[in-house]
J.: 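Below are the C-alpha cells for one structure; questions will follow.
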Amino acid sequence: MGRARGAWCGPWAAGALLVAVVAGGFGLYWFQPWRLWQDETVREALPEVTAPASAPPAEAPSGATAAPPPAGPTVLASGELISHEHPTSGTVTFVRLADGSHVVRLEGLDTSNGPDLRVWLTDAPVKEGRAGWHVFDDGRYVSLGRLKGNKGSQNYPVPEDVDPSRYTSVSIWCDRFDVSFGAAELARA
C-alpha cells in the first residue's frame with residue numbers, strides 16, 4: 001500500500017498534474033466557453049450624416065442638369081442572415097449615407113457569442129449548412145471590425161478605399177476558429 005501511495009505522490013504525478021492544469025487553462029482561454037451564455041445587446045441607430053455644407057456645388061456637364069445628392073441614407077443591397085456554425089438570424093443592409101460613405105448595418109441580429117467574432121464583407125457565395133462554414137476566407141474579404149454584440153442592431157463603417165460592387169455577402173466570422181457563425185447574401189436594391 002505504501003508503494004502505491006508513493007507512485008501517486010512522486011514527481012511524475014506532480015508533472016502530470018501541472019500539465020493538466022496548464023492544458024485546462026489554455027483550453028479555457030482558447031475556447032472561452034462562458035461566452036456562449038453571455039449576451040451582449042447593442043442598439044445603434046442608423047447614422048444620419050449630412051453632406052458637408054462648405055463643399056461647393058459640382059458643375060454639371062453642358063446640357064445636363066446636376067442631380068441633387070440623396071437627402072438621406074440609401075439602401076444599396078440587403079439580405080437575410082442564415083445559420084452556419086451557430087444559430088443566427090437578422091437582416092444585413094449595405095447603406096450609402098448622404099455624405100457618400102458606406103456602412104454595413106445588422107438589424108435584429110441574434111447569434112451566439114464567441115471568441116474573436118468579426119463582421120466581414122466578402123465576395124464568397126453564401127451556402128447553406130456545413131458547406132458554407134469555411135468559404136468566406138477563400139476569396140476577397142474586408143474585416144469591418146469586431147462584432148459589437150451578438151444581439152441587436154449595429155453599424156460598421158466601410159473603409160473609403162473599398163469598392164462596394166466587388167462584395168456580395170456579409171459573414172459573422174469567428175477569426176479564432178476560421179468558421180462562419182452566419183452569413184447573408186447581399187441582393188442589390
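Keep in mind that the numbers below use all heavy atoms, side chains included, and drop hydrogens, waters and symmetry copies.
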J.: If we only count heavy atoms from C-beta on, is the Tyr167 to Val142 side-chain gap below 4.5 Å?
T.: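 Yes. Closest side-chain heavy atoms under 4.5 Å.
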J.: For Arg105, give me all partners under side-chain hydrogen bond (donor to acceptor under 3.5 Å, both in side chains), at least two apart in sequence or on another chain.
T.: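 With sequence neighbours excluded, Arg105 shows a side-chain hydrogen bond (donor to acceptor under 3.5 Å, both in side chains) to Glu107, Asn155, given in chain and number order.
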J.: If we only count heavy atoms from C-beta on, is the Glu44 to Lys148 side-chain gap below 4.5 Å?
T.: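 Sidechains of Lys148 and Glu44: in contact.
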J.: For the backbone of Ala124 and the side chain of Ser169, can you confirm whether one donor and one acceptor N or O come within less than 3.5 Å of each other?
T.: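 Such a contact is found between Ser169 side chain and Ala124 backbone.
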J.: For Val42, which fellow cluster members are found when Ile, Leu, Val, Met, Phe, Trp and Tyr are connected by side-chain heavy-atom distances below 4.5 angstrom, either directly or through intermediates?
T.: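 None, because no other hydrophobic side chain comes under 4.5 Å of this residue.
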J.: Is any side-chain heavy atom of Val95 closer than 4.5 Å to a side-chain heavy atom of Thr74?
T.: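 Contact flag for Val95/Thr74 side chains = no.
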J.: For residues 179-189, pull every pair meeting salt bridge (Lys or Arg N to Asp or Glu O under 4.0 Å), keeping only residues two or more places apart or in separate chains.
T.: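 For residues 179-189, and leaving out neighbouring residues, there are no salt bridge (Lys or Arg N to Asp or Glu O under 4.0 Å) pairs at all.
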J.: Among pairs that include at least one residue of residues 105-131, which meet ring-ring contact (aromatic ring centres under 6.0 Å, His included), considering only residues two or more places apart or in two chains?
T.: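 Matches after skipping sequence neighbours: Trp120-Tyr141, Trp120-Trp173.
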J.: List for me each residue that meets ring-ring contact (aromatic ring centres under 6.0 Å, His included) alongside Phe94, sequence neighbours excluded, and say none if there are none.
T.: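 Expected list: His102.
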J.: Do Leu121 and Tyr156 have side chains that approach each other closer than 4.5 Å (heavy atoms only, starting at C-beta)?
T.: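 Not in contact.
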J.: Mind checking what makes salt bridge (Lys or Arg N to Asp or Glu O under 4.0 Å) contact with Glu80, not counting sequence neighbours?
T.: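 For Glu80 there are no salt bridge (Lys or Arg N to Asp or Glu O under 4.0 Å) partners, ignoring immediate neighbours.
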J.: Sequence neighbours left out, what passes side-chain hydrogen bond (donor to acceptor under 3.5 Å, both in side chains) with Ser180? Give chain and number order.
T.: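 With neighbours one apart ignored, the set is His84, Ser171.
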J.: Listing request: all salt bridge (Lys or Arg N to Asp or Glu O under 4.0 Å) pairs with a residue in residues 151-175, at least two apart in sequence or in separate chains.
T.: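 The answer is Asp110-Lys151.
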J.: State which residues pass side chain to side chain contact (heavy atoms under 4.5 Å, CB included) with Ser83; sequence neighbours excluded, sorted by chain then number.
T.: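 Side chain to side chain contact (heavy atoms under 4.5 Å, CB included) list for Ser83, sorted by chain: Pro87, Thr88.
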J.: Are side-chain heavy atoms of Val103 and Leu144 found at a separation under 4.5 Å?
T.: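 Sidechains of Leu144 and Val103: no contact.
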J.: Please collect all salt bridge (Lys or Arg N to Asp or Glu O under 4.0 Å) contacts where either partner lies in residues 119-145, sequence neighbours excluded, each pair once.
T.: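 Sorted result for residues 119-145: Asp123-Arg140.
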